[in-house]
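All chains are named by letter (A, B, ...) in the order of the sequence lines, taking the proteins before the strands, and each is independently numbered beginning at 1.
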Amino acid sequence: MRKSITMIKHTITELIRQAIRAAQGQGDLSSFTLPKIPLEHPKQAEHGDYATPICLQLANLARMAPIELANVVVKYLPETNYLSEIEIAHPGYINFTLDDAWLAQQVETILAAREDYGNIDIGYGKKVQVEYGSANPTGPLHVGFGRNLVLGDSLANVLEAAGYDVQREYYVNDTGSQMRLFNETLYARYAQALGQAAEIPEGGYPGQYVVEWSQEIAEEEGAKYLNMPHSEAVTAIGKMGLAKVVDCIKGDVELLGVHYDHWYSEQSLYDDGYFAKIMAILRQAGHVAEREGAVWFTATESGGDKDEVIVRSDGEPGYFASDIAYHYNKFVERGFDWVIDVWGADHQGHVPRMKAMMRALGLDPERLTLIIYQLVTLKRGGEVVRLSKRTGDIITLREVIEDVGPDAVRFFLLARAADSQMDFDLDLAVEQSAENPVYYVQYGHARIASILGYSKERVPDFSGGDVSLLRHPAELALIRQMLLLPEVVEQAAENLAPHHLTYYAQDLAAAFHSFYKECRVVSSDPADSELNKARLKLVSAAKIVLAKTLRLMGMTAPERM
RNA sequence: GCCCCUGUAGCUCAAUUGGAGAGAGCGUCUGACUUCGAAUCAGCAGGCUGCAGGUUCGAGUCCUGCCAGGGGCGCCA
């Protein structure tokens, strides 16, 4: 059973709310409705662990100077065991400092929570689907797609920790014109492999991998498809090709530690009747129009920026037809409360139509979130690498992972906000992978494992350790960092911004390394034996928090490196 | 031409969503291994947050106009 702990941040926020209400009840404050109470971490340590600027915000509403208001609020704040100091600072901040003894005690809380530490309850078990990756199944994954995978996968981890019921899905675009081109290419390569003269089609896929797959098919199946009607042969070979591509992609994502709950076939939307269903719904509601021989979704009437073709004049449904059916399936058939799609910036123009589609289907557009991340620019030694589909010159995710390592790739791709453009310099990535901050974090974890190993003979049992002995500034600083994990999870979940984890991970590791330098954990001095036990508890807790943070980012927590 | 994203230290990026002297990593420079891992620690230097206005008690963050970069504006996905 999944557990979660109450965040001290929320406890303090609630304390402030109660104080203001109490002051209003006693007539010391005029009555007004309370906004959300902001509580932040002051940048300077002398301002305490938490601070609220609420009195600055309420000054107008309360018709009082901020500093007077702060005085009133503080008067109504009850005594607690977790705050050692509450002070009012100019021009009206209230600063809170956590109590040292209370802090030390939190080590026990973390040890008891184990891998559940960091889990919070803001999702209330809401069913959410995160759809990410979803590259066209026409070849191995390209490096740039790594950002999509890492972003989506880490976000899914975070939402899970935040208490959502998360499903991870890969949408396999196994139909449409790109797929047909791929199949035609595959067939041409197959014919070539059997010594026939064949040209790959205009706009086809010239990559070497297609040649290899066709070769395999030729070896496995022989020449029988050469004697079939062309379209029949292409369909049959395409089916085998698709299986190979999907296997290839599954292998690629596996290398990054990405595991999907579900691979959803676009073709199945047509086979299972969802497309027919949504067409009937849209027609009945008057959201389609026929013009120029095509069937259009009149998005402009549902708040979209322009109309979109559903069925092309050649009778084939377009990609948007699938998108409508797919999302209808997600919300109505599969019952997701919330769907998050992770898309590259090259699809941003499509967002307003998706929202219009939601309205047309009678669904709340808020239930669909499109995360748009900026595309990765590939560089090699400072020069932009232009990828050419025409020449088949692509750089695969797999080769970069093999050069740099999965953890370093994940950390690098995760460490920026989705809105931030980023360059991926292949030469630099290999050169600098040894300096990747992920190793700094993992080293912290391995170091603790090493300490615990070292202590086994000298301090076989530290379960009776008294954490109240933890009073050293470096010890308390480490505990303070550990206490932030639930807040980071909350922040990352609320803003759909898993990149916060990478910064937190470094701060946490820094607090540990600093503590390690300052405080001897396993000392040979018998006078320190009780302190040793307390510190072994502290580092055990730190190991839990580091491991959890790494896991949320989809990285390994090594015992040694 | 219109729409979306971005512009912060030499480089790559953060900044709790409008809060207190704008912070990290890399790089530079100075120190620290004779007991638990130096893949580490302690410290120095580095800024007119692209430019100009505006809103606000308070702006890197919001508004307007410029400048620069990326992406989009297909019966491709």
When the side chains of residues 494-502 of chain A are checked against the rest of the protein, which donor-acceptor pairs come out under 3.5 Å, sequence neighbours left out?
| from | atom 1 | to | atom 2 | distance (Å) |
| --- | --- | --- | --- | --- |
| A/N495 | ND2 | A/Q491 | O | 3.0 |
| A/T502 | OG1 | A/H499 | O | 2.7 |

Please set out all donor-acceptor pairs under 3.5 angstrom arising from side-chain atoms of residues 292-300 of chain A, sequence neighbours excluded.
| from | atom 1 | to | atom 2 | distance (Å) |
| --- | --- | --- | --- | --- |
| A/W296 | NE1 | A/R291 | O | 3.3 |
| A/T298 | OG1 | A/H287 | O | 3.0 |
| A/T300 | OG1 | A/D307 | OD1 | 2.8 |

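A/K456 has its NZ atom 13 Å from the P atom of B/rG37, to the nearest Å. Between the CG atom of A/L58 and the C1' atom of B/rU56 there is a distance of 16 Å, rounded to whole Å. Atom CD in A/Q178 sits about 17 Å away from atom P in B/rG74, given to the nearest Å.
Between A/D461 and A/S463, the side chains place a donor N or O and an acceptor N or O closer than 3.5 Å (distance only, hydrogens not considered). Inspection of the A/D407 and A/Q442 side chains reveals an N or O donor paired with an N or O acceptor under 3.5 Å. Judged by distance alone, the side chains of A/Y171 and A/D341 never bring a donor and an acceptor atom under 3.5 Å apart. Using a 3.5 Å distance cut-off with no hydrogens or angles, the side chains of A/Y264 and A/S134 do not pair a donor with an acceptor.
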Seminar exercise, completed: Under a 4.0 Å heavy-atom criterion, the protein footprint on nucleotides 8-19 of chain B, written with B, S and -, is ----SSSSBB-B
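Under 4.0 Å is where a charged nitrogen must lie from a carboxylate oxygen, and between A/R283 and A/E290 at least one such pair does.
For B/rA39, its base never sits under 3.5 Å from the side chain of A/Y439 at any donor and acceptor pair. With hydrogens and angles ignored, a donor-acceptor pair under 3.5 angstrom links the side chain of A/S313 to the base of B/rC75. Side-chain N/O atoms of A/Q506 and base N/O atoms of B/rG25 include no donor-acceptor pair closer than 3.5 Å. For B/rA77, its base never sits under 3.5 Å from the side chain of A/H350 at any donor and acceptor pair. In the interface, the side chain of A/N436 is not paired with the base of B/rA39 through any donor and acceptor atom under 3.5 Å apart.
A stem is defined here as three or more consecutive Watson-Crick or G-U pairs, each with both distances under 3.5 Å; for RNA chain B these stems are B:1-7 with B:67-73, B:10-13 with B:23-26, B:29-32 with B:40-43, B:50-54 with B:62-66.
Applying the 90° criterion around 0 to the glycosidic angle, B/rU17 comes out syn.
For A/S514, a side-chain nitrogen or oxygen approaches OP1 or OP2 of B/rA42 to under 4.0 Å.
Taking the salt bridge (Lys or Arg N to Asp or Glu O under 4.0 Å) definition, one finds that A/R520 meets it with nothing, sequence neighbours left out. Looking at residues two or more places apart in sequence or on another chain, you find no salt bridge (Lys or Arg N to Asp or Glu O under 4.0 Å) involving A/R560.
Using a 4.0 Å heavy-atom distance criterion, A/E46 is classed as a base contact.
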